[in-house]
Amino acid sequence: MLKEITTSLVLAMAAPLCMPAHAAQQYATFEQAQRKVTDTGYILFIYPQGWDRFGEKLCRKLIADPAVRSAAGDAALLLVPIYQNRSDKNQAEAKKIMGSLGYPGDMSDISYPALVFYEKCGRQYTSVHGTALVRSTPKQVAALIQQKLAAKQQQDACLNAAAATSPGEKARHLLEASRVAGVEWPGGLRDAMRKADPGDTQGYLAVLDFGFGPQKDEAMEDFLKRLDEVLANKRLSPHQKQRACAAAIGHIRRSYGPMAGGSYITKYARAMQKLDPKSPLGISAPVVIRDWVQQYRYGQGWSPEIIPGCEIPMLMHEVPISKPGNYTVNFTIVTGRDAVHVKKVRLMDGGRCVAEDTTPRSVTWTATSQNFSLSVKKPVKKAALEIIFTNDSQHKSTWGNITVKPM
């Protein structure tokens with residue numbers, strides 16, 4: 001991986017914004033480039049020497065292309081060979097080119113060939129590599145360079161705003177600097193945020209280090225409450241909220257399966273999609289709903305596979321209620337050894353509750369049948385029963401029927 005030479009955040013914030021004014025120049029060595037380098041920094045065109053002729057040809061072509069040079073503005077350009085088998089001779093050649101900038105070593109997260117971007121101080125902040133580089137025309141590569149440089153300027157603008165504002169606003173601007181897509185965080189960002197707001201009273205450092213997942217022995221009700229708070233938090237980015245939804249979907253499915261947890265998997269997959277439909281997690285949401293959700297339908301009754309291990313609402317679809325009137329929802333045991341406990345039954349029309357019976361009842365071997373009553377005032381278009389079972393996850397070995405009849 002390229003050696004990263006980190007500078008202090010203070011120096012980064014002090015650097016003025018600099019828009020490219022002319023075509024970039026190529027230099028033979030880092031020391032030559034250093035005498036001419038501007039605030040735009042350096043762009044290294046890196047290729048494997050000898051064994052990858054395509055990569056070498058591509059880098060030589062790009063570094064000489066007028067559109068690429070124009071897009072790079074006043075950045076210093078260097079053509080850098082990478083030697084697979086280093087000898088004293090090529091080691092000396094590489095050192096002559098790179099000098100104190102540091103020889104690019106193992107690039108575990110960057111494939112060859114690559115364009116690697118450095119700040120003036122020598123800190124690597126982004127790159128272009130892989131299919132984005134090798135399958136693009138010089139004009140397309142030039143556009144990618146412009147995007148990277150524009151992102152760096154946007155980040156510098158955030159840092160300059162942080163340097164110029166009051167302590168109360170400084171942490172917010174630093175957080176915005178971390179969120180600029182396409183560039184790495186500035187060095188020393190966390191320390192600068194701690195200094196700006198030592199107690200993290202505004203919560204920006206917590207947002208920067210955001211992580212979401214189930215906690216040990218946490219009740220599902222508390223877990224979902226935390227998730228809803230995350231989704232309502234305006235300081236979190238859409239991607240952070242999507243990651244929280246993805247963590248919740250996996251936890252719900254592992255804990256309760258595609259049927260018991262189906263309504264919640266659907267709810268949070270849709271939220272994940274709405275946050276950013278074109279992102280990888282947004283695109284995956286319909287597939288999650290298709291492959292990870294099994295609808296709970298009228299006629300399936302209940303069984304150990306259906307009853308969840310916590311009080312999350314089960315949504316039963318295709319319920320035969322459409323007209324106004326009074327209805328009975330009957331629970332009758334068929335077999336098994338445990339009682340089933342029902343906390344409440346609600347009739348839903350889409351996302352709206354139109355009738356409910358909230359008196360808890362237990363179906364046991366001494367009371368094998370229990371009725372819930374629903375009074376429906378208006379026609380129902382999308383009838384579904386929301387049922388909350390309260391059985392302990394270790395005591396739900398029972399099967400039974402659920403039937404709906406007019407009174």
Side-chain angles (χ1 to χ4, degrees), residues 220 224 248-271 273 285-336 338-358 360-363 368-376 378-391 393 396-407:
M220 182 61 73
L224 295 177
I249 289 167
H251 177 54
I252 291 168
R253 187 175 187 272
R254 286 190 299 271
S255 300
Y256 307 114
M259 188 173 293
S263 60
Y264 278 91
I265 293 172
T266 300
K267 174 183 176 180
Y268 293 114
R270 286 176 176 164
Q273 182 181 29
V287 180
V288 168
I289 296 172
R290 183 195 70 193
D291 294 347
W292 280 19
V293 173
Q294 293 178 13
Q295 283 199 343
Y296 180 31
R297 293 182 171 86
Y298 181 70
Q300 290 184 274
W302 79 83
S303 66
E305 290 75 25
I306 289 174
I307 300 176
C310 68
E311 293 186 13
I312 61 173
M314 292 286 299
L315 201 61
M316 176 186 282
H317 298 272
E318 300 177 3
V319 176
I321 298 177
S322 59
K323 299 178 180 180
N326 295 319
Y327 294 84
T328 296
V329 181
N330 175 264
F331 291 75
T332 299
I333 277 186
V334 174
T335 187
D338 297 319
V340 64
H341 308 287
V342 184
K343 185 174 183 179
K344 67 171 67 172
V345 175
R346 304 170 77 207
L347 177 64
M348 308 299 293
D349 188 359
R352 183 171 57 95
C353 176
V354 295
E356 64 181 353
D357 186 337
T358 59
R361 296 173 175 85
S362 296
V363 188
T368 59
S369 181
Q370 293 285 3
N371 290 327
F372 286 76
S373 299
L374 299 174
S375 179
V376 181
K378 296 180 180 180
V380 181
K381 294 180 179 180
K382 293 183 178 180
L385 285 183
E386 185 182 272
I387 305 169
I388 297 183
F389 295 95
T390 61
N391 284 47
S393 60
K396 57 177 186 177
S397 178
T398 184
W399 288 255
N401 293 328
I402 304 173
T403 56
V404 176
K405 294 181 179 178
M407 286 185 181

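Nothing fancy with the numbering, it's 1 onward along the sequence.
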Between CZ on residue R346 and CZ on residue F372, distance to nearest 0.5 Å: 13.5 Å
Test item: side-chain donor near acceptor, N330 and S369, under 3.5 Å: yes
Atom pair OG (S375) and CE (M407), whose distance is rounded to the nearest 0.5 Å: 8.0 Å
Heavy-atom pair with the smallest gap, counting every atom of T398 and A339: CG2-O, 4.2 Å
Pair L385-L374, side-chain contact (heavy atoms from CB on, under 4.5 Å): steps then yes or no: CA-CA 11 Å; L385 285 183; L374 299 174; 3.8 Å; yes
Backbone of K382 reached by a side-chain donor or acceptor of D349 within 3.5 Å: yes
Derivation of the side-chain contact (heavy atoms from CB on, under 4.5 Å) call for W302 and I333: CA-CA 9 Å; W302 79 83; I333 277 186; 3.8 Å; yes
Side-chain donor or acceptor of Y296 paired with backbone N/O of G301 under 3.5 Å: yes
Minimum heavy-atom distance P320-Y327, with the two atoms named: O-CE2, 4.4 Å
Check against side-chain contact (heavy atoms from CB on, under 4.5 Å), V380 and V319: CA-CA 10 Å; V380 181; V319 176; over 6 Å; no
S362: side-chain hydrogen bond (donor to acceptor under 3.5 Å, both in side chains) partners, not counting sequence neighbours: H341
Rounded distance [0.5 Å steps], CD in E386 versus NZ in K344: 7.5 Å
Partners passing salt bridge (charged side-chain N to carboxylate O under 4.0 Å, His left out) against R361 (at least two apart in sequence or in another chain): D357
Contacts of type side chain to side chain contact (heavy atoms under 4.5 Å, CB included), residue A285, not counting sequence neighbours: A269, M272, Q273
Geometric class of the F331/F389 ring pair [parallel <30°, tilted 30-60°, perpendicular >60°]: perpendicular
I289 vs R270, side-chain contact (heavy atoms from CB on, under 4.5 Å): CA-CA, chis, key distance, verdict: CA-CA 8 Å; I289 296 172; R270 286 176 176 164; 3.9 Å; yes
Atom pair CE/CD1 of M316 and I387 - distance to nearest 0.5 Å: 4.0 Å
Shortest non-hydrogen contact from A383 toward L347: CB-CD1, 4.2 Å
Short side-chain donor-acceptor distance under 3.5 Å, E356 and T358: no
Residue pair P379 / P324: nearest heavy atoms and the distance that separates them: N-CG, 3.7 Å
Closest approach of P304 to W399 (non-hydrogen atoms, all atoms of both residues): CD-CE2, 3.4 Å
Smallest separation among heavy atoms of M259 and M314, with atom names: O-CE, 3.9 Å
OH-CE distance between Y256 and M220, expressed to the nearest 0.5 angstrom: 4.0 Å
Distance (rounded to the nearest 0.5 Å) between N371 CG and K405 NZ: 9.0 Å
Backbone N/O of V404 and side chain of Y298: donor-acceptor pair under 3.5 Å: yes
